[in-house]
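Presented below is the structure to which this report refers.
The first residue of the sequence shown is numbered 1, and numbering continues consecutively from there. Everything numeric here is computed off the predicted structure, so don't read it as measured data. Whatever order the structure lists ligands and atoms in, that order sets their numbers, starting from 1.
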Amino acid sequence: MDYQNSIEFAREQDKLDPLRAYRDKFYMPHADKERCAYFCGNSLGLQPRSARDAVAQEFDDWAKLGVDGHFEARNPWFSYHEALSAPTARIVGANESEVVCMGSLTNNLHLLFVSFYRPTKKRFKIISEGKMFPSDRYLLETQAHFHGFDPDEAILEIVPRDGESLIREKDILDAIQDNADELALVFFGGVNYFTGQLFDMKKLTKAAHAVGAIAGFDLAHAAGNVLLQLHDWDVDFAAWCSYKYMNASPGNVAALFVHDRHAKNFDLPRFGGWWGHDKDRRFLMESGFRPLEGAEGWQLSNAPVFSMAILRSSLDIFDEIGMPALRSKSEKLTGYLEFVIDSLADELPDVGLEIITPRDPRQRGGQISLLIEGRERDVFDKLTAAGVISDFREPCMIRLAPVPLYNSFEDVYIFGKVLKQILTEGPDTQ
Ligand SMILES: *Cc1c(COP(=O)(O)O)cnc(C)c1O
């Protein structure tokens, strides 16, 4: 695509955008400011306007029905989560039986590790990415400890080579080969939260399986962002949260995926709860845990209906559009952000603007991570003061997520304009 860094170009693209109407389906924060642009959807997605009514309906049913709402609410609470499985499966490329909305991301991963990280003296290593999201790192450390291993020996982090910022796929594949006999698990973020690097999950899964290891992914930054085919890629397990690209509100209910290959494997160790127990016998209150087939068999507790009502309103929007159309706009929008930053870098060569995220659209989702030589914090604060909401990660990364559901080409243009103003004013001298 031929981009131009001009307001006319940006507005023309917005006019041509088949998804332009969806922006109005979300509340835009700080909309009272003269200029505002929200690029933080990879940290907290925006509120769908329909969410309030979805929750209000459950408030009404609870008021009118009390406990009878479990079976008589317009969306019966007993089976509320079931309605979320099909649209969730469409987002991640799974069969309906392979996904369930439940719990929270880190909780779900621990539950999945109970089943899928079963190290032996010989096979105990986990290959993962350097600069993991801290919660994932703590997950790995404590899981290793739990099984009696030293995390430093069990966890093999693949890091960028000296002088580079991204992880080379070859280095991951080589590490899998080099540790073939000792490898229990390959566990990666599908999209790395820090750099925005998208990994080839199909290839990593195949390589893991070829040496007899399991492949699992944290899709916090991938679900609702990039095209996923978890079933066809033969991924063993995955989990993700719903409050980033999926816009379901802070800390809201998460989801997990277990491949149908494992659906009926009741020999897998797991931690049980009544909601994962045989549906027909759930209320018999008897002993003897009999897990449900498929992903539902990992559930512990009854569904948080109010939270799920918000998620449901967001899933409806995803279903209306479909991931291919979202991804298509996301690539254009992210490409435009890259172009605007590159134009600025050309104009202001001394500033040290550097894009860390992969240049190849196939190796990234809707995110650009940016360095501005020593001025990241200062620039980030000034962007925020000017109404451009981005995200700062220690020690020095500015992350920007142009989200196809609600960001426009004009937002990207505004970002470039504000950034240029900040950079040409020079650093604070105080
Ligand atoms: C956002 C994020 C988390 C957050 O975990 P919660 O359990 O939802 O608090 C974990 N891992 C990754 C990779 C994330 O991006």
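Between Lys279 and Glu82 there is a salt bridge, with a side-chain nitrogen of the basic residue lying less than 4.0 Å from a carboxylate oxygen of the acidic one. The pair Lys329-Asp17 meets the salt-bridge criterion, since a charged nitrogen lies less than 4.0 angstrom from a carboxylate oxygen.
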**OP:** Begin from the C-alpha positions of Asp53 and Ser50 and carry the test side-chain hydrogen bond (donor to acceptor under 3.5 Å, both in side chains) through to its verdict.
**Re:** CA-CA 6 Å; Asp53 283 347; Ser50 52; over 6 Å; no
In a simple table, one pair per line, please give the protein and ligand 1 atom names for every N or O pair closer than 3.5 Å, along with the distance.
| residue | atom | partner | partner atom | Å |
| --- | --- | --- | --- | --- |
| ligand 1 | 5 (O) | Thr106 | OG1 | 3.4 |
| ligand 1 | 7 (O) | Thr106 | N | 2.9 |
| ligand 1 | 7 (O) | Thr106 | OG1 | 2.6 |
| ligand 1 | 8 (O) | Tyr243 | OH | 2.5 |
| ligand 1 | 11 (N) | Asp136 | OD1 | 2.8 |
| ligand 1 | 11 (N) | Asp218 | OD2 | 3.0 |
| ligand 1 | 15 (O) | His221 | NE2 | 3.1 |
| ligand 1 | 15 (O) | Lys244 | NZ | 2.5 |

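Both tests do not hold together for Lys125 against Phe187: distance to the six-membered ring centre under 6.0 Å, angle to the ring axis within 45°. Relative to the ring axis of Tyr80, Arg312 places its NZ or CZ within 45° and under 6.0 Å from the centre.
Here His147 and Tyr117 bring their ring centres to under 6.0 angstrom of each other.
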